[in-house]
2 protein chains.
Amino acid sequence: MSVLRFGFGEKIITNSVIKDYQYNDLKLLNHYFEVQLTDGVVTLSRKLDDDKIYGLGENVKGINKRGCMFTSFNEDDPDITEDRKSLYAAHNFLIIAGKNTFGLFIDTPKVVDYDLGFSDLDNLVIKTKDGFDLYIIDIESSTPELDIIHEFREMIGKSYIAPFWAFGVAQSRWGYKSKQDLEDVINGFKEKKLPLDMLFCDIDCLEEFEDFTFNNTFYKNGKIDSGFFKGLKEDKIHLVPIVDAAVKVKDGYFLYEELMKEKGYCTDKDGNPYIVGVWPGDSLLPDYLSKSGSEVFGRGYKKYLDLGIDGFWNDMNEPALFYSKKYINEFANHLRNIDYDKFHEMDFYIIRDKVNQIKNNIDDYKSIYHKYDLAYKDNNIVNHYDVHNMYGYKMVEAAHNYFEKYNLENNINKKYLLFSRSSMIGSHRYSGIWTGDNAAYWNHLLLNLKMMPSLNMCGYLYSGADIGGFGHNASEDLLIRWMGLGIFTPLFRNHTCNWVRAKDYHLMQRTNIIRNILSIRYALLPYIYSEYIKAVNNDTLLFTPLAFRFRDDERCADIEDELLFGDSLLIAPVYSQNANGRMVYLPTDAIEVRMKSGKDYKLTNLPKGDHYIKVDLDEVVFFILDGGILPLAKIDEVDKIKNIESVNYNDLEFIGNIYNKKEYILYYEQDTIKEKKIKLN
Amino acid sequence: MSVLRFGFGEKIITNSVIKDYQYNDLKLLNHYFEVQLTDGVVTLSRKLDDDKIYGLGENVKGINKRGCMFTSFNEDDPDITEDRKSLYAAHNFLIIAGKNTFGLFIDTPKVVDYDLGFSDLDNLVIKTKDGFDLYIIDIESSTPELDIIHEFREMIGKSYIAPFWAFGVAQSRWGYKSKQDLEDVINGFKEKKLPLDMLFCDIDCLEEFEDFTFNNTFYKNGKIDSGFFKGLKEDKIHLVPIVDAAVKVKDGYFLYEELMKEKGYCTDKDGNPYIVGVWPGDSLLPDYLSKSGSEVFGRGYKKYLDLGIDGFWNDMNEPALFYSKKYINEFANHLRNIDYDKFHEMDFYIIRDKVNQIKNNIDDYKSIYHKYDLAYKDNNIVNHYDVHNMYGYKMVEAAHNYFEKYNLENNINKKYLLFSRSSMIGSHRYSGIWTGDNAAYWNHLLLNLKMMPSLNMCGYLYSGADIGGFGHNASEDLLIRWMGLGIFTPLFRNHTCNWVRAKDYHLMQRTNIIRNILSIRYALLPYIYSEYIKAVNNDTLLFTPLAFRFRDDERCADIEDELLFGDSLLIAPVYSQNANGRMVYLPTDAIEVRMKSGKDYKLTNLPKGDHYIKVDLDEVVFFILDGGILPLAKIDEVDKIKNIESVNYNDLEFIGNIYNKKEYILYYEQDTIKEKKIKLN
């Protein structure tokens with residue numbers, strides 16, 4: 001086993017890696033890649049044999065990414081199609097698996113381009129700007145992918161652990177505008193006897209899109225309506241507000257004023273605030289890379305924490321830019337100088353191009369500066385473009401650091417839910433992620449499945465997609481089938497865009513089916529949470545491609561629509577509209593578990609091999625592989641489940657191979673995370 | 001068996017249906033739908049049981065369209081994602097299959113909205129403006145879908161038959177700019193020993209995007225270079241130029257001048273030409289619905305026909321509008337009146353919205369007028385919006401009519417290749433279609449497969465997708481896997497957008513594999529062409545969903561990634577990147593045909609049921625179902641095939657069930673289409 005570290009030029013320190021390794025002579029790298037350094041760009045290339053390529057975290061396409069192109073450059077763009085080279089994250093870890101199998105981590109916040117046998121099926125080419133560390137993890141083993149991942153995860157440090165309640169049922173919609181809207185959701189859930197653990201508030205609940213505020217509907221007689229928050233507490237519903245990256249320019253707004261006072265903002269090259277436009281209109285970009293920006297913004301959470309709020313999602317932190325003041329001014333000048341008496345369609349096309357370039361404009365990113373003490377030896381001023389991918393990472397770190405401080409100051413030991421849209425490896429220690437603004441597409445349901453193991457590889461264990469899709473209208477069957485996957489993902493949130501039809505659970509027609517499937521989530525929670533904690537503690541995967549564990553089974557090599565989940569289960573959700581079922585390949589003899597609700601299940605033994613599995617819309621079917629064991633929380637009455645506290649960890653039943661297994665190691669949360677070895681026979 | 005015709009108000013005659021049926025009392029329709037007429041809108045609704053819904057021709061989503069929404073409104077938009085409600089066609093025929101199975105055809109050129117159990121899984125709602133005919137086809141049978149389709153196809157008349165050579169290998173790219181570029185392709189194909197039947201020229205080969213021209217690179221000493229065309233003829237390569245719907249406004253351009261002279265253009269409400277912008281800049285929209293517009297444009301083909309050109313594709317005929325003169329002027333006025341000293345981001349957002357609305361603007365469509373003699377009893381002026389979906393239909397009809405005239409005038413009996421982007425049922429009698437500007441997405445390869453039977457149902461038999469995808473960069477494995485489907489589609493064209501990397505066959509790395517797969521196409525041609533002619537003659541499907549033929553086999557009900565092809569074959573192409581094979585369900589015992597080239601194949605008997613079929617990148621695997629028979633043209637040497645004339649119809653071999661089958665009815669073209677009954681034993 002060896003981890004080889006290589007240095008290329010003066011690097012920007014990212015703290016993605018927490019272990020220290022010796023640098024090696026670059027010559028050693030030639031064993032893995034042909035290396036070229038031209039004009040400050042490092043090119044790694046390698047002839048591909050029948051290699052598979054795994055990793056790269058949050059990206060489109062398959063689990064095996066051979067034949068694809070990607071670019072690490074965090075990007076807010078909701079049109080998630082097969083050609084997208086980057087989503088919201090920079091996860092520069094991959095495994096090249098073939099005759100020789102090794103892992104590769106490029107430790108840089110800069111743009112990295114991957115051509116993984118796309119332009120030329122037989123060649124891999126990776127390019128990035130000089131100034132980074134590169135790690136090779138080379139392990140000889142019968143399960144090299146799993147061992148390389150384990151080693152990599154040790155390198156980058158333990159993954160963020162979400163509080164237990166964050167494994168409950170989450171309802172969200174961009175469109176809730178007021179306290180009343182939230183109360184309507186709560187009442188709707190109660191009326192339909194649906195459980196609820198987390199209720200999200202999106203930007204419209206804020207005062208003029210200002211972070212750490214609520215709009216006036218949350219106020220009574222000039223004071224925040226504490227009765228509302230008390231009610232939430234009684235119902236054990238966690239309110240999870242959104243926290244956007246940019247801060248509204250507005251005199252009197254505490255966060256704006258503090259950032260201005262402490263110069264905690266991103267600047268232009270002359271040190272003036274770089275004004276950009278996002279939801280609140282003209283805004284500052286807090287400089288999360290600077291001590292002052294990070295601390296000022298972190299302190300902002302106090303407003304929410306003092307209300308008892310303990311969950312947050314960080315959004316727009318690629319950062320997303322709708323415009324910059326600079327660009328708007330240039331655009332206005334362009335328009336001002338047109339001779340409208342001679343207006344020609346070419347004038348129009350030029351305007352169109354300028355309009356299309358304003359969002360997330362690269363020139364803006366290149367015009368923004370940070371103060372980052374770890375940037376360079378003798379200079380802490382760094383151009384945003386070179387640290388772009390760190391922005392979301394540093395935003396969640398600011399929150400994490402303040403939560404620790406807040407706990408200390410208040411002598412408490414609270415766990416906080418925190419997950420983010422943008423991420424870079426390193427941020428996995430401080431927060432989870434959701435997979436961004438997906439769409440109500442059946443192929444995004446399948447993409448969700450394919451993405452999970454890649455996210456796990458890069459340290460993101462608390463994660464999930466917007467169930468049913470964020471953008472576009474969803475049909476109820478899509479929502480329900482997506483729940484069939486979602487009940488296994490740690491973050492299990494129904495979230496929707498504001499201009500499409502609502503698909504909140506309580507507003508659907510088939511609330512019976514939905515209630516039953518939600519109850520399956522609760523029944524499975526002892527397993528889900530235990531396997532999640534094991535994956536964090538042991539630096540392993542929660543979602544594992546079949547090919548990693550059953551390496552000698554050729555059939556597993558290209559199965560990309562089933563996953564191993566935890567130690568014992570194989571999941572194979574239905575992802576095609578109007579399908580009555582699907583084919584499932586079982587790599588071992590297995591027990592089919594067919595659940596209609598948390599208390600209604602049927603077990604069937606199936607031999608290793610291919611099976612057509614019928615799955616009605618009101619069922620979830622999964623499999624316990626040979627030797628596997630599944631603890632199930634006993635659900636007495638489905639419509640009496642109110643929230644995650646309904647799960648009784650003291651009354652479990654076990655299914656699977658209980659006669660051959662001695663014990664199941666159960667994890668649960670009781671103030672802290674507890675371990676319990678349960679004897680099975 | 002019954003065909004019921006119902007009339008709603010004064011209709012615009014489409015000639016989609018060629019048989020005459022009596023009108024029925026609307027009360028009879030209540031057996032099928034709840035009917036509501038409100039404010040000129042007719043709403044048909046129906047409770048859905050476990051019905052499946054087939055049809056609607058060119059659209060996204062599955063073969064079974066239950067749970068989806070669609071709108072018939074022909075649209076040029078290359079972002080083909082799952083949420084798209086309309087593509088380039090209006091194919092208003094569907095089958096509702098359940099306890100009662102019946103077909104429905106809405107004979108209207110107007111917008112039709114379909115909610116096929118999307119908003120409410122249990123309800124179907126169809127809406128359209130008053131003024132149309134509606135047909136119900138109700139047949140009791142053991143194969144009702146097939147029988148309904150047969151009846152419908154008889155109603156709408158025989159499908160267009162493409163010339164035999166149009167079943168050959170087609171190379172196209174938006175990006176060929178000159179005669180030299182075309183010659184380079186031809187030479188490239190020769191060098192790589194690749195066969196070629198059709199070479200397409202796109203808009204850059206024209207003189208300023210003017211229809212029926214070539215740019216000056218095709219001229220020598222002021223005259224068209226006849227040597228080039230002679231060379232093509234010698235090589236038996238058919239040059240297929242593009243013909244766009246709109247006509248450049250340019251003095252001296254014959255087509256513009258003739259349209260102006262004969263007032264064959266679309267107008268504004270005052271009768272003035274409605275100037276729109278497309279590729280040539282300011283353009284007329286020929287009024288294909290008017291006698292003068294249709295005839296003037298039709299005559300334009302003479303320029304090409306006289307050069308010996310006998311194949312054409314009609315494009316941009318939704319019609320696609322980049323802008324209208326009217327909108328551009330309004331836009332300029334808006335910009336002129338902005339106070340740029342107070343320019344605010346809201347000004348920007350308003351401009352952005354105006355920019356985004358300019359393309360295919362609904363207000364433009366509503367401001368355009370046609371002279372259509374079949375529009376109304378006492379008025380031949382019709383608003384474009386009400387006949388929008390007919391525009392492409394009438395464009396191909398204009399060509400068809402002129403071809404007939406040209407043949408008569410020249411006393412010849414030539415067959416012409418004609419296919420179109422936009423279509424409406426009725427146009428299937430005059431031309432084929434391609435499926436528009438798809439993308440280099442693996443899910444578009446699967447979409448191609450799913451779309452084929454729906455197109456066939458609506459009369460479009462000569463059709464196919466751009467192999468490897470039109471938009472976005474394609475990897476070579478995608479191109480090759482897509483060929484594995486494309487070799488079965490009548491139109492088998494490799495076509496690519498101009499700003500993505502070229503994927504012409506001769507430019508790829510694995511030309512050996514490509515050459516071999518192309519040779520499979522030629523070996524299969526006797527079967528493909530014969531089954532195609534039978535499907536036209538008998539008003540049947542060339543591509544059939546398994547569920548239609550094996551109605552009692554529950555497993556076939558939701559198989560949407562395999563198709564029956566012709567009478568004997570089942571095809572199941574690989575559509576996942578990096579897959580080594582795929583699962584295939586065989587509804588009968590079958591013979592697996594594993595071809596590495598037209599002359600290299602291996603047969604294996606397989607029993608009915610599920611099979612994992614390994615398919616290497618250099619293979620095409622398909623199946624001869626029980627009782628099936630496959631004629632194969634003998635390929636002696638793969639690299640000696642130059643074009644479709646290399647296929648020897650007198651030297652066939654037969655594989656499959658030759659001992660139980662008495663004969664195979666073969667069709668081939670020899671001046672006219674010939675039938676030959678070949679005795680098998």
Side-chain angles (χ1 to χ4, degrees), chain A residues 52 61-62 64 66-69 79 81-83 117-122 277 281-282 322-323 328-329 331-333 335-336 338 340 343 345 347-348 351-352 355-356 358 439-443 472-473 475-478 501 509-510 554-555 557-558 560 576-581 583 585 610 612, chain B residues 52 61-62 64 66-69 79 81-83 117-122 277 281-282 322-323 328-329 331-333 335-336 338 340 343 345 347-348 351-352 355-356 358 439-443 472-473 475-478 501 509-510 554-555 557-558 560 576-581 583 585 610 612:
Chain A
K52 295 165 177 50
K61 307 287 286 241
N64 177 3
R66 172 84 181 257
C68 304
M69 285 182 101
D79 293 324
T81 44
E82 277 189 38
D83 58 304
F118 177 89
S119 302
D120 172 351
L121 289 184
D122 305 317
D282 286 358
F322 296 168
Y323 62 83
I328 286 274
N329 291 339
F331 183 68
N333 272 332
L335 297 182
R336 186 201 305 267
I338 289 173
Y340 289 101
F343 195 80
E345 70 256 25
D347 292 309
F348 170 76
I351 292 169
R352 186 189 62 184
V355 164
N356 290 335
I358 197 168
Y441 296 161
W442 290 84
N443 68 44
H472 302 292
N473 293 316
S475 57
E476 188 164 7
D477 56 339
L478 176 61
R501 76 169 179 148
Q509 290 180 303
R510 284 161 165 73
E554 269 192 31
R555 282 296 310 286
D558 55 6
E560 299 218 342
S576 305
Q577 191 165 24
N578 295 314
N580 300 311
M583 292 301 302
Y585 177 75
D610 294 299
Y612 176 77
Chain B
K52 294 166 177 49
K61 307 287 285 243
N64 176 3
R66 172 85 180 258
C68 305
M69 285 182 102
D79 293 325
T81 43
E82 276 187 40
D83 58 305
F118 177 89
S119 302
D120 172 351
L121 288 184
D122 305 318
D282 287 357
F322 296 168
Y323 62 82
I328 286 272
N329 291 339
F331 183 69
N333 272 333
L335 297 183
R336 186 201 305 269
I338 289 172
Y340 289 101
F343 194 81
E345 70 257 25
D347 293 309
F348 170 77
I351 293 170
R352 185 190 63 183
V355 163
N356 289 336
I358 197 168
Y441 296 162
W442 290 84
N443 68 44
H472 302 293
N473 294 315
S475 56
E476 187 163 7
D477 55 340
L478 175 61
R501 74 168 179 149
Q509 289 180 304
R510 283 161 165 74
E554 269 192 31
R555 281 297 309 288
D558 56 6
E560 299 218 342
S576 306
Q577 191 165 25
N578 295 315
N580 299 311
M583 291 302 300
Y585 177 75
D610 293 299
Y612 177 76

TODO: Could you list the residues that satisfy ring-ring contact (aromatic ring centres under 6.0 Å, His included) with B:Y585, not counting sequence neighbours?
DONE: none
Identify which part of [X] has an atom lying under 4.5 Å from any heavy atom of chain B, answering side chain, backbone, both or neither.
| X | value |
| --- | --- |
| A:F118 | both |
| A:S576 | neither |
| A:D282 | both |
| A:E560 | neither |
| A:L478 | neither |
| A:N473 | both |
| A:A439 | neither |

Open item on the list: Just to verify, what does A:R555 make a salt bridge (Lys or Arg N to Asp or Glu O under 4.0 Å) with, not counting sequence neighbours?
Closed with: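 For A:R555, the residues satisfying salt bridge (Lys or Arg N to Asp or Glu O under 4.0 Å) (neighbours in sequence not counted) are A:D610.
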Quick one: of [options], who has the most non-hydrogen atom pairs under 4.5 Å with chain A?
| options | result |
| --- | --- |
| B:Y612, B:F331, B:F322, B:W442 | B:Y612 |
| B:S475, B:A557, B:A440 | B:S475 |
| B:G581, B:G117, B:A579 | B:A579 |

- [ ] Let me see the working for B:D122 and A:E476 under side-chain contact (heavy atoms from CB on, under 4.5 Å), right down to the final yes or no.
- [x] CA-CA 11 Å; B:D122 305 318; A:E476 188 164 7; over 6 Å; no
Do [X] and [Y] have side-chain heavy atoms sitting under 4.5 Å apart?
| X | Y | value |
| --- | --- | --- |
| A:Q509 | B:D120 | yes |
| B:F348 | A:V355 | yes |
| A:N578 | B:K52 | no |

Task: chain B contacts, top residue of A:N329, A:L335, A:N64 (heavy-atom pairs, under 4.5 Å) - done: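 Answer, by heavy-atom pair count under 4.5 Å with chain B: A:L335.
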Open item on the list: Below 4.5 Å, heavy-atom pairs only: which of A:I328, A:D79, A:I338, A:L121 has the largest tally toward chain B?
Closed with: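 If we count pairs closer than 4.5 Å to chain B, A:L121 comes out on top.
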Open item on the list: Looking at A:G281, is its backbone amide N or carbonyl O close enough to the side chain of B:E345 to form a donor-acceptor pair, meaning the two atoms are under 3.5 Å apart?
Closed with: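 No.
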